[in-house]
Amino acid sequence: MSTEKQIKAYLPMSETAYYILLSLMEHRHGYAIMQHVEAITAGRVRLGAGTLYGTLGKMEKSGLIAVIAEEQQRKVYGITPAGRAVLEAEIRRIRELYKSSEGVRLK
Amino acid sequence: MKNEKKTRRWIWLGLPEKEERYLSEQSRKGWHLTGITVNRFHFRRSRPRDDQYRIDFVGKKREMEARLRFYEDAGWEVVVDCKEGFGRRLYLRRPRSDDAVLELYTDTESKIELLRRFKNAWIRDTTLAIITTGLGAVNIARRNLVGVPLMQSPLFWMLTAGTAFAVGRAIWQGVLFYRAIRRIKGDKF
């Protein structure tokens with residue numbers, strides 16, 4: 001799949017996918033992703049093991065992430081150039097969302 | 001007092017949620033799941049705990065070990081891993097606490113996917129049951145294999161009842177799945 005198509009297929013991203021990709025800017029294994037996501041969202045986003053396992057499998061299959069190493073059956077993942085392109089497109093989309101909300105005063 | 005017991009497991013009556021709740025209740029009473037045979041839960045008695053049980057369903061055997069390892073790393077104990085029709089059912093548990101993620105599936109998409117995996121396996125099981133019992137009944141009716149008037153043949157009645165049961169079960173499960181998926185989607189805007 002071309003990057004163009006992948007961007008179309010993945011955007012807008014679910015929070016799960018977004019935070020997984022963001023975590024994989026550094027190489028991490030599954031459990032480390034969970035902890036990282038929980039830490040950067042101050043406990044708001046907590047990924048279930050089943051959800052994480054399934055999403056990692058799908059992302060690996062479609063080439064957004066890759067297995068970098070395997071230690072005692074624990075896979076260490078990292079983002080691929082294609083994954084990075086998709087993540088960047090999503091970040092641009094989120095910035096636009098944010099910018100369009102600037103005029104709204106919160107009560 | 002006996003330290004082991006077996007209870008009936010009504011596998012065909014509902015969604016995994018009911019089983020999960022039942023197993024958690026048992027753990028609070030001090031009965032902890034040790035195994036499963038076709039339609040029985042096996043428990044052993046010890047100190048009451050507040051355990052969260054979750055049932056996962058995996059269609060493909062591939063990478064089963066990696067998945068189990070993953071769940072264990074995340075703090076789940078894999079209690080039973082049983083074959084069910086075309087897939088595997090995993091019974092997982094962990095003690096309830098505030099800092100643990102108590103759900104296996106935490107977003108709408110993956111919750112629905114899990115339900116679909118259960119549903120697809122059930123559809124395959126039920127189709128197989130309907131085809132075998134239905135064909136059997138039709139075959140007897142057509143060739144009158146039993147040599148007695150059809151309406152007096154217990155085999156014919158058994159097969160017909162089997163078909164009816166499988167069809168009824170399929171409809172009941174269809175309704176349950178439809179409602180469960182609607183409920184999950186309802187969480188979302």
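Naming convention: chains lettered A, B, ... in sequence-line order (proteins, then strands); numbering from 1 in each chain.
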- request: To the nearest 0.5 angstrom, please state how far the CG atom of B:D56 sits from the OH atom of A:Y53.
  value: 10.5 Å
- prompt: Side chain, backbone, both or neither: which part of A:R74 has an atom under 4.5 Å from a heavy atom of chain B?
  reply: side chain
query: For B:R179, does the CZ atom have more than 12 heavy-atom neighbours from other residues, nucleotides or ligands under 6.0 Å away?
result: no
- prompt: More than 12 heavy atoms of other residues, nucleotides or ligands under 6.0 Å from CZ of B:R44: is that the case?
  reply: no
query: So does B:E72 have more than 12 non-hydrogen atoms from other groups sitting under 6.0 Å from CD?
result: yes
- prompt: A:R46 side chain to B:D99 main-chain N or O, any donor-acceptor pair under 3.5 Å?
  reply: yes
- line: Counting heavy-atom pairs under 4.5 Å with chain A, the top scorer among B:R54, B:E109, B:R67 is B:R67
field: Separation of B:F70 CZ from A:M34 CE (nearest 0.5 Å)
entry: 5.5 Å
message: Please tell me whether B:I130 and B:L159 are part of a single hydrophobic cluster in this structure, the criterion being side-chain heavy atoms less than 4.5 Å apart.
response: no
- prompt: Roughly how far, to the nearest 0.5 Å, is the CD atom of B:E103 from the CG atom of A:L47?
  reply: 13.0 Å
task: Answer with yes or no whether the hydrophobic clustering places A:I94 together with A:I79; edges join I, L, V, M, F, W, Y residues whose side-chain heavy atoms lie under 4.5 Å apart.
output: yes
- line: Tested for side-chain hydrogen bond (donor to acceptor under 3.5 Å, both in side chains) against A:T16, the lone hit among B:T106, B:T108, B:D107 is B:D107
field: A:K75 vs B:R69 side-chain heavy atoms within contact, under 4.5 Å
entry: no
message: Starting from A:I91, can I reach A:I40 by hopping between I/L/V/M/F/W/Y residues whose side chains sit under 4.5 Å apart?
response: yes
- prompt: Where on A:L56 is there a heavy atom nearer than 4.5 Å to chain B: the side chain, the backbone, both, or neither?
  reply: side chain
message: At a 4.5 Å cut-off on heavy atoms, which part of A:E15 comes close to chain B: side chain, backbone, both, or neither?
response: neither
query: Under a 4.5 Å heavy-atom cut-off, does chain A meet the side chain of B:D73, its backbone, both or neither?
result: both
query: Are B:L155 and B:L135 linked, directly or through other ILVMFWY residues, by side chains that come within less than 4.5 angstrom of each other?
result: no
query: In Å, rounded to the nearest 0.5 Å, how long is the span from OG1 of A:T51 to CG of B:L114?
result: 9.0 Å
query: Linking I/L/V/M/F/W/Y whenever their side-chain heavy atoms sit closer than 4.5 Å, directly or via other members, would B:Y71 and B:L102 fall into one cluster?
result: no
